[in-house]
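The structure appears right after this line, and notes come after that.
In listed order, ligands and their atoms are each counted from 1.
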Amino acid sequence: MPADFNDRTDFENADRGFIASIEPMTISDADGRRIWDMDGWAFLEGPCPDTANPSLWRQGQLNCRHGLYEVTDGIYQVRGFDLSNMTLVESDHGVIVIDPLVSQETAAAALALYRAHRGDRAVTAVIYTHAHIDHFGGVLGVVDADTGVPIVAPEHFLEHAVSENVYAGTAMLRRGYYYGGVALAKGAKGTLGMGLGPAPSTGAVGLIAPTLDITRTGQEEVLDGVRIVFQNTPGTECPAEMNFSFPDHRALCLAENATHNLHNLLTLRGAQVRDPRIWSRYLTEAIELFARDADVAFASHHWPTWGSAKIVTYLREQRDLYAYLHDQTLRLMNQGYIGTEIAEMVETPPGLDEAWHTHGYYGSASHNIKAIYQRYLGWYDGNPAHLWQHPPVAAAERYVKVIGGVDATVAKAITFLEKGDLRFAAELASHAVFAAPDSETARQVLATALTELGYGAECATWRNCFLVGANELFHEIEHTEVSAAGMAPALTVTQLFDSIAIRIDGPKAWNERLCINWTVAGDGDGTATTGSGQYRMELSNGALIHFPTTAPEDADLTVTLTKPQLIGLLLAGRTEGVEMSGDPGVLATLVGLIDSPDPDFAVVTP
Ligand SMILES: [Zn+2]
């Protein structure tokens, strides 16, 4: 049975405890550039148009609310000031901030709204629930970089905060542009948000390293008089994540492990596949540890759930959802079905489908099931006819040829479009575009198929992908500025060297050989990521190898520098203060072999 549009519980909960918001609900940076505009989502208050899936429209309505809300006595949330929520827990001498949003500007505005209604309380601690940027990026909007207050996070936070986006960063960003619907206008024919929330803000991002690690479930900390019991949940929605309970408030924070949608096991921007079984198990553990003693459960996206029985039901449904997808995928996989088949076979159990929060507004059952297949068996479906297929352009040219040319392929695509088989219409039209990118009609038919697919999608990120694809068939790709400068200081020396190694132009470097010894001096900040020590770098056969060493052999060049100097050298070629002995020409050779990523690569065209 589908979920009931007449059930207004989610709307009541999304509005419950509302205190105030700001007007206009826009936030700009110091240069006056608008980095947040919640008023732009006001169109969602209207009735659902025929260009949107009604279930997604409903989710968009819930996500376009904004303001300061009382969750329970002493606990507040600012919602709708970014993709994520900021939670504020009043402590003896001030307030604890949980998850300071994406940008420092939105975080500062959220804290200011809280203070305007609850007094000018000092921030006494910051908690990051997990290592995704929408949960830490705005930290400099709530405390200064040299703050002395505890910064609390699950163990291995820093490693995961930077590593997920370092190596595949450019590709992820470009793909993220699709799933986030970044270039789309907000509106009935444009983006409806991301299902998880409106969209990320676009202000200044920063990071302060944690000073207090949560290393085990059951760990109890008292932060400025507030008692918190933690549950470590590594490998769920994020490799470093945690739930926690405020026993004296009978309140439970679920981080991003249980939100009002089916989440992603493999986000469409690309990532490593998450583990639905572990995810489900940690939700089970959260029920056992906390749920019965909680009167309210809140998360860092969406609205809270009140009432112990309702929290237990909610968590059981979320738990069952991930377990069901996992177990059914494996059951069918072991009967010989492949990911694309299983995705069509597995239906959400009626008991779960009745609940709105199990619906795939951010993740979808379809792409999550394929991700589970990928997690266990990989990209190859086992059919050797698929083991060595032609890549897109070569395949497209052959398909188009056997169909009888571009016009015939487009005509066939139109017949499938007219029959409502949008999926096959898109496939045929995509072959036509890849074989003949100059064909306006091929692009037009593909754009029509993708647009219709977008309008029908319940999943917000699917809608965004389809509509951005349709858009890019007729508009120039908008340039994305990629800057690693903000995150670079948090990288280890090994990660910094890795990020150079993955940019070496292989064939160009085939016949080059060089060795560099690096001595990275401590920069005095005392953090584990400083990575001071000796490293050896060797280029051979087009591969740049590097490793820490205590006894480096002779090298062509020896470089001695601090980590900030290393970052300056790698990002901007700055050599001030860097000591070199040996042949400095080696560095120039290495730099000459570095290729550039393309942040604006084509996706729907060859
Ligand atoms: Zn998040």
Side-chain angles (χ1 to χ4, degrees), residues 14 36 38 59-60 62-66 77-88 97-104 106-107 110 126-139 141-142 152-154 157 160-165 172-173 175-176 179-182 193-203 205-207 210 233-244 253-272 274 279 282-283 297-304 318 322 357 360-364 368 459-461 464 487:
W36 188 245
M38 209 56 191
Q59 183 80 349
L62 287 158
N63 281 337
C64 74
R65 289 158 153 70
H66 55 84
Q77 280 192 319
V78 177
R79 301 200 288 267
F81 273 54
D82 214 310
L83 175 64
S84 42
N85 300 335
M86 178 189 288
T87 304
L88 301 121
V97 173
I98 304 171
D99 286 357
L101 309 181
V102 177
S103 311
Q104 71 181 60
T106 53
V126 175
I127 303 177
Y128 305 137
T129 60
H130 63 291
H132 289 152
I133 198 164
D134 50 324
H135 304 271
F136 66 80
V139 65
V142 300
V152 185
F157 170 91
H160 295 297
V162 291
S163 67
E164 190 171 55
N165 305 313
M172 267 190 205
L173 208 66
R175 293 166 55 123
Y179 99 130
V182 175
M194 294 183 73
L196 186 67
S201 64
T202 53
V205 167
L207 173 59
T233 67
T236 49
E237 190 264 334
C238 179
E241 186 148 358
M242 59 187 186
N243 298 326
F244 41 97
C253 174
L254 293 164
E256 200 164 327
N257 285 319
T259 48
H260 288 269
N261 50 210
L262 167 61
H263 211 287
N264 279 302
L265 298 177
L266 177 51
T267 158
L268 299 180
R269 72 173 148 78
Q272 294 187 13
R274 297 163 188 162
W279 197 329
Y282 281 126
L283 288 175
F298 60 88
S300 294
H301 294 276
H302 299 141
W303 50 95
Q318 286 276 313
Y322 295 107
H357 67 86
Y361 301 114
Y362 187 46
S364 75
N368 279 341
C459 183
T461 52
N464 290 339
M487 297 293 258

Could you check Y361 against N63 for side-chain contact (heavy atoms from CB on, under 4.5 Å), going step by step and ending with a plain yes or no? CA-CA 11 Å; Y361 301 114; N63 281 337; over 6 Å; no
To the Zn ion (ligand 1), the closest N, O or S atom belonging to D134 is OD2
Quick one: OG on S300 to CZ on F298, what's the gap to the nearest 0.5 Å? 7.5 Å
How many degrees, to 10°, between H135 NE2 and H301 NE2 as seen from the Zn ion (ligand 1)? 100°
Quiz question: by atom type and distance under 3.5 Å, do the side chains of H132 and E237 form a donor-acceptor pair? yes
Does V97 form a side-chain contact (heavy atoms from CB on, under 4.5 Å) with L88? I'd like the steps, not just the answer. CA-CA 5 Å; V97 173; L88 301 121; 4.0 Å; yes
Metal proximity, E237 vs the Zn ion (ligand 1), N/O/S cut-off 2.8 Å: no
Of all N, O or S atoms in E256, identify the one at the shortest distance from the Zn ion (ligand 1). OE1
Would you say the Zn ion (ligand 1) has H130 as a near neighbour, meaning an N/O/S atom of that residue under 2.8 Å away? no
Near the Zn ion (ligand 1), is there an N/O/S atom from H132 that is less than 2.8 Å away? no
Minimum side-chain heavy-atom gap L196-N261 below 4.5 Å: yes
